[in-house]
Amino acid sequence: MSKIVSLTKAAALVRDGDRIAIGGNTLHRAPCALLHELVRQGRRNLTLVKTAGSYDLDLLCATGSARAVEAGYVGYENVLGLARGYRRSVESGQVEAHEHSCYTVIAALRAAAQGVPFMPIASLEGSDLIAARGFQRIANPYGEGVVVTIPALSPDVALIHVHEADTEGDGAIFGARFEDALMASAARKVILTCERIVDEQLLAERPDRATIPRFEVDAVVELPHGAWPLACPGEYSYDLDFLTAFAAIASDADAVAGFLAERLRW
Amino acid sequence: MSKIVSLTKAAALVRDGDRIAIGGNTLHRAPCALLHELVRQGRRNLTLVKTAGSYDLDLLCATGSARAVEAGYVGYENVLGLARGYRRSVESGQVEAHEHSCYTVIAALRAAAQGVPFMPIASLEGSDLIAARGFQRIANPYGEGVVVTIPALSPDVALIHVHEADTEGDGAIFGARFEDALMASAARKVILTCERIVDEQLLAERPDRATIPRFEVDAVVELPHGAWPLACPGEYSYDLDFLTAFAAIASDADAVAGFLAERLRW
Amino acid sequence: MVKAADLMAIVMARLLRDGETVFHGVASPLPMVAILLARRLHAPHLTYLNITGAVGARPTHLPRSTVDAALARGAPAQVTLTDLFDLAARGRLDTVFLSGVQIDRAGRINLSMVPGVRLPGGAGSAALMPTARRTILWRTRHDRRTFVDALPFVTAAGHVDRVVTPLCVFRRISEQLAVESLHSGVTPANLSAATGFSIAVDDSTPRTPAPTGAELATLAQIDPDRIRDTEF
Amino acid sequence: MVKAADLMAIVMARLLRDGETVFHGVASPLPMVAILLARRLHAPHLTYLNITGAVGARPTHLPRSTVDAALARGAPAQVTLTDLFDLAARGRLDTVFLSGVQIDRAGRINLSMVPGVRLPGGAGSAALMPTARRTILWRTRHDRRTFVDALPFVTAAGHVDRVVTPLCVFRRISEQLAVESLHSGVTPANLSAATGFSIAVDDSTPRTPAPTGAELATLAQIDPDRIRDTEF
C-alpha cells in the first residue's frame, strides 16, 4: 500500500483553517517545497505550529496563508535578522501571534502524542507567557506545590521533510532530528516530503534506521531539494541569495506575490 | 575527565537501601555482571525498578538483596517460565511487589526526567492497579473529564549495559534501546557497563551515535560479556544452561548462594 | 488431528486485518507466529510491532523470547517501546494481543496475584487494553481455574474483541464473552464444563473453520522449530 | 583597541567552568564562539550542547546559523532538543546563554513585544531561565532602550548570574543587576547614561581584565571568518 502521492495531492490533504505543524528548525530542513505548493493552491487561515521557524513561517504570513502562529521564535537568526512578513502581519492584526516557549510547544505536542489533555512542565515561572497564554497551574496530588500545565496541541497535519523515505512512509532523518518525530506522533495526519525514495530494505540495513515510522504517515512525496531555500543537512545549505531577496520584501504582499511567481515559475 | 572505574568501585556507588533502575528488557541486555558484583558486595534493601525483568530481578530477590520490586513483569517468558526467587520472596513477605504496568514505569520515569511531580496517563481505567498503587485522578484544567496520574520516580542509580561507551560516558546501544535512555535521564546517578570502550571519535563517526549522553553518566566500566547470562543483541545470546540451572533453584536461598559461589568463582 | 498450537495460531492470524498495526509483548509466541502468518497469508501490509521498538520487522528465524533481537531484523524503522505505548494511548494502535492467567466473563484479566500466589505481573496490559482499538486475548489453557466467574484482582480491562483458547473462540458482545465458535472435537458439554462462568452453547453453535492446507503449510514454513509449542 | 565582539566573546568564555554543561540556542554566535573558546583555553571538559541535540560537538568551521549541522559535527552522542530542555527542567543543565531585546534591573528579559512591535519571541528562554542552574545573558547593544527600568512584557525570568554587554559586565546580586566591571575606555558616566535604571558605578568600579594575547590568538583561530561580528 504505497503512500506515494504527487505534490499536488499531498498539499490537498491540508485544508483551509487547518493547524499545521512544520518540521525542521530555523533555517534547516523545513518542508518548503510543500509550503510553496500550499501557497500556490491558495490555502488560507492556517495556524502554524513550530518551535523556531524562519522562511517557512515568514512565507505563510507574507502570502496571507496564515491566521495564527504558535511558535517560540520567528526570525532568520543573525543570518538575515527579522522576519518582516510575520512581523507586519502580526502588527496589522492579520495574524495572531500565540507566543510559546519552544519547550511549551514540545509539552503541548507531548500531551497530544500521549493522548492526555495537558502536560505538566517544570519551568516558565516568572514569565508573562503563563498569563498571556492562559496556562493553568494545578496542585501536585502527591505532595506540596503546584505545577504549570500546557494544554495538548494536536495539529491537523504535520509537514516534515526527511532525507529518505520508503513507499510505506518510514522516514529517516540524518543528523539533527529536532521535534519532527514528536510532531508526527501528535498530528492527526502526516505528510513526508523526502530527498529520496529508497527501498524499505535499504532503510533496514542502515544502522540509523528511520525514526518516523510508517504508522504515523499518510502521504510521501519525493521532492529532491524539498527544503530549498532552507538547508537540508548533509545535502545542501540554505540559499542565501534567495532568502536575502525574500526577506527584504517580505513585508510587502504584492512584492512577495510577484517574487514567488517569478522565482518559482508559477 | 575519564569516568572509567573498576567494577568494584562502580558497584560501590550503589548504597544499601537505594532504588535502582535496571536497563534492558526480560532476557536482554541487563547489566548482570554489575548486579553480580552488588550481590558479592552484600548490598541489601534495594528497590528494583524495571518494566519487564527476568534473571536480574530474580537474582536480587533470590539473594536477599532486594526489599521491593517496582515492575510490570517478572519472569523468563516462555523460555523458562516463572521467576521463582522473586515469587518466593514476595510470598514470604521478604520482598514487596509494587506492581506497575510497563507504561506506568515509563510515565513515572518521564515525570522524573522532566522535573515534574507526576505524569498524566491515558490508560489504566478498569484496572485495580489504580487503587492498589494509589494513583490519583485529577481534573483536566482545560475541559471535561479527569485523568489518571503517576507519581514521579527518580531512581538513586540507573545501571545500564551498552555496546560501546567512550571514556567520558557517552553510551551507544545497537538495536532495541528499550527504556534505558529514559532511565538514565530519570536517575540521580548512572553507571554504564559496556562491551567495549571506544574512542570518542569512533562514536562520532557512527551514523547511530550514542543515545545515552555523557552528561547523564557518572561511571563507566568496561565489561565484555557484561550482560551474561542474559543476551546482548548482536554480541551473544542468553546462556540457557546457566539460566535453566539457576531458575530451578531460585526459590532456595542457600542453593542460590552455593550456585553463584561455584559458577561465578567467588 | 490439528494440534492446538497450530489451530490457535491460525485462528489468531485470521482475526488480523490487512493494513492494521498490531503489537505483541513479552512471552507471546502464539501472537508472534500469528502476526507473521497473517502477513504471509491475507495481510501483507500489516505493520508488525513488538517490544524491541522495531517497526515492520521481517525476522528470518523465530526466537523463544518474544523480545529477542531477531524480532527487530529487517525493520526499516526503529522507535522505542515508549513510542508504541504512546501510539496506543492516543488511540492509534489497532490491535494488541494480550493474555491472562485468569479471564472473567467480561474479558477482564488477572496477571497479578491470586491469594497467596504472586503472578508475573500484567506487563503492558493495563495500559494497552483500555487504549488499543481492539484487544485479542489468547490463553493456551481452558479450564475452570482459568476462565473464572470473578477475579481476585483485575490487572487490566478494556476493548476485548475476541478470546482464543484451545477449545473455542469467544467474542465479546455487550461486555460479555459469548461463544463464537467451537473447535473441532469439542462438545458443548465439554466447553461448559471447562468454563467457570455460564455460557450459551449448544449444537447450533458454529464450528471453527478447519485450517486449510495453505494455512498449515505456511505455518510450517514460518515456524519450523515449532516455537509456538513453548506455550503449552 | 579590542573590538567589542572579541572582548565580549572572551569575557563570556571566562565565565565558563571546566566540566560543566553549557547550552546555547538560536541566533547565538557569541555564545557559540565563547563556548568553543573556553574549551580551548581553560575548560577542555566542557560539554557543549546546542539545538541540534549533538552532545560535545567539535565543529570544524563556524556557521552563521547557530542551529547549523556544522554544530553537530564530531559529537559522540546525539539526543534531541527535547532531551536538553528536559535536562534543564530537572535542574541538571549548568549554564545557558540567553539574550533579550530588553533587559530590566532584575535581569529579566523581553523578547516578545513592545507596544505596537512584534519581536521574534523568546525561543527557549522562558523554559530555560528558571530551570538552568545559571543563565548568562549577553546583549550586543547597551543603551537606554535596551537596559530599561520596566519591561512591557516579561518573556523570561530566572537564575541570571551575569550580563555581558559591550560596556560592562553586570552580576546579579540580591536579584538586582550590579556593575561587576567596566570595559576598557568606558567611564562611569558613559555607563550610567547608557543604562535605563540606576546603577552604582564610580571610579572605584573594577575594570574588566584586558584580553590576553593567548585569548585573542585562540579566538582568531576558532572564528577566523569572524562570525561573531554578525551580531553587531
Side-chain angles (χ1 to χ4, degrees), chain A residues 101 103-104 106-125 130 133-154 163-164 172-177 181-182 185-186 202-211 233-234, chain B residues 101 103-104 106-125 130 133-154 163-164 172-177 181-182 185-186 202-211 233-234:
Chain A
S101 172
Y103 195 44
T104 63
I106 289 168
L109 294 172
R110 274 177 156 166
Q114 296 174 31
V116 292
F118 65 89
M119 186 60 40
I121 188 172
S123 57
L124 249 59
E125 284 302 346
I130 297 174
R133 300 304 313 278
F135 296 143
Q136 300 296 307
R137 291 181 179 85
I138 60 176
N140 170 14
Y142 299 99
E144 299 288 296
V146 295
V147 60
V148 177
T149 66
I150 310 297
L153 189 166
S154 186
H163 291 80
E164 295 180 352
I173 294 166
F174 306 142
R177 299 189 301 276
L182 178 59
S185 296
L202 197 125
L203 289 179
E205 284 161 12
R206 294 190 63 99
D208 50 342
R209 297 191 274 187
T211 52
Chain B
S101 172
Y103 195 45
T104 63
I106 290 168
L109 295 172
R110 273 176 157 166
Q114 296 174 30
V116 292
F118 65 89
M119 186 60 37
I121 188 172
S123 56
L124 250 60
E125 285 301 348
I130 297 175
R133 300 302 314 279
F135 296 143
Q136 300 295 307
R137 291 182 179 84
I138 61 175
N140 170 14
Y142 299 99
E144 299 287 297
V146 296
V147 60
V148 177
T149 67
I150 309 297
L153 188 166
S154 186
H163 291 81
E164 296 180 351
I173 294 166
F174 305 142
R177 299 189 301 276
L182 178 59
S185 296
L202 197 125
L203 289 179
E205 285 162 10
R206 295 190 63 98
D208 50 342
R209 297 191 273 187
T211 51

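Chain A is the first sequence line, chain B the second, and so forth, proteins listed ahead of strands; every chain is numbered from 1.
Listed by first then second residue, pairs satisfying salt bridge (Lys or Arg N to Asp or Glu O under 4.0 Å) with a partner in residues 108-125 of chain B read B:Arg110-C:Asp86, B:Glu125-B:Arg137, not counting sequence neighbours.
When every heavy atom of B:Val116 is checked against every heavy atom of A:Val147, the shortest pair comes out as CG1-CG2, 4.2 Å. In terms of heavy atoms, A:Gln114 sits closest to B:Ala122 at O-CB, 3.5 Å.
Side-chain atoms of B:Tyr142 do not come within 3.5 Å of backbone N or O of A:Ala152 as any donor-acceptor pair.
When heavy atoms are compared at a cutoff of 4.5 Å, A:Phe118 approaches chain B by way of both its backbone and its side chain. With a 4.5 angstrom heavy-atom cutoff, B:Phe135 touches chain A via backbone and side-chain atoms both.
Under the side-chain contact (heavy atoms from CB on, under 4.5 Å) criterion, B:Ala108 pairs with B:Ile150, B:Leu153, not counting sequence neighbours.
Looking at heavy atoms from C-beta onward, A:Pro120 lies in side-chain contact with B:Pro120 at the 4.5 angstrom threshold.
One finds the CD1 atom of B:Ile138 at 9.0 Å from the CG atom of A:Asn140 (value rounded to the nearest 0.5 Å).
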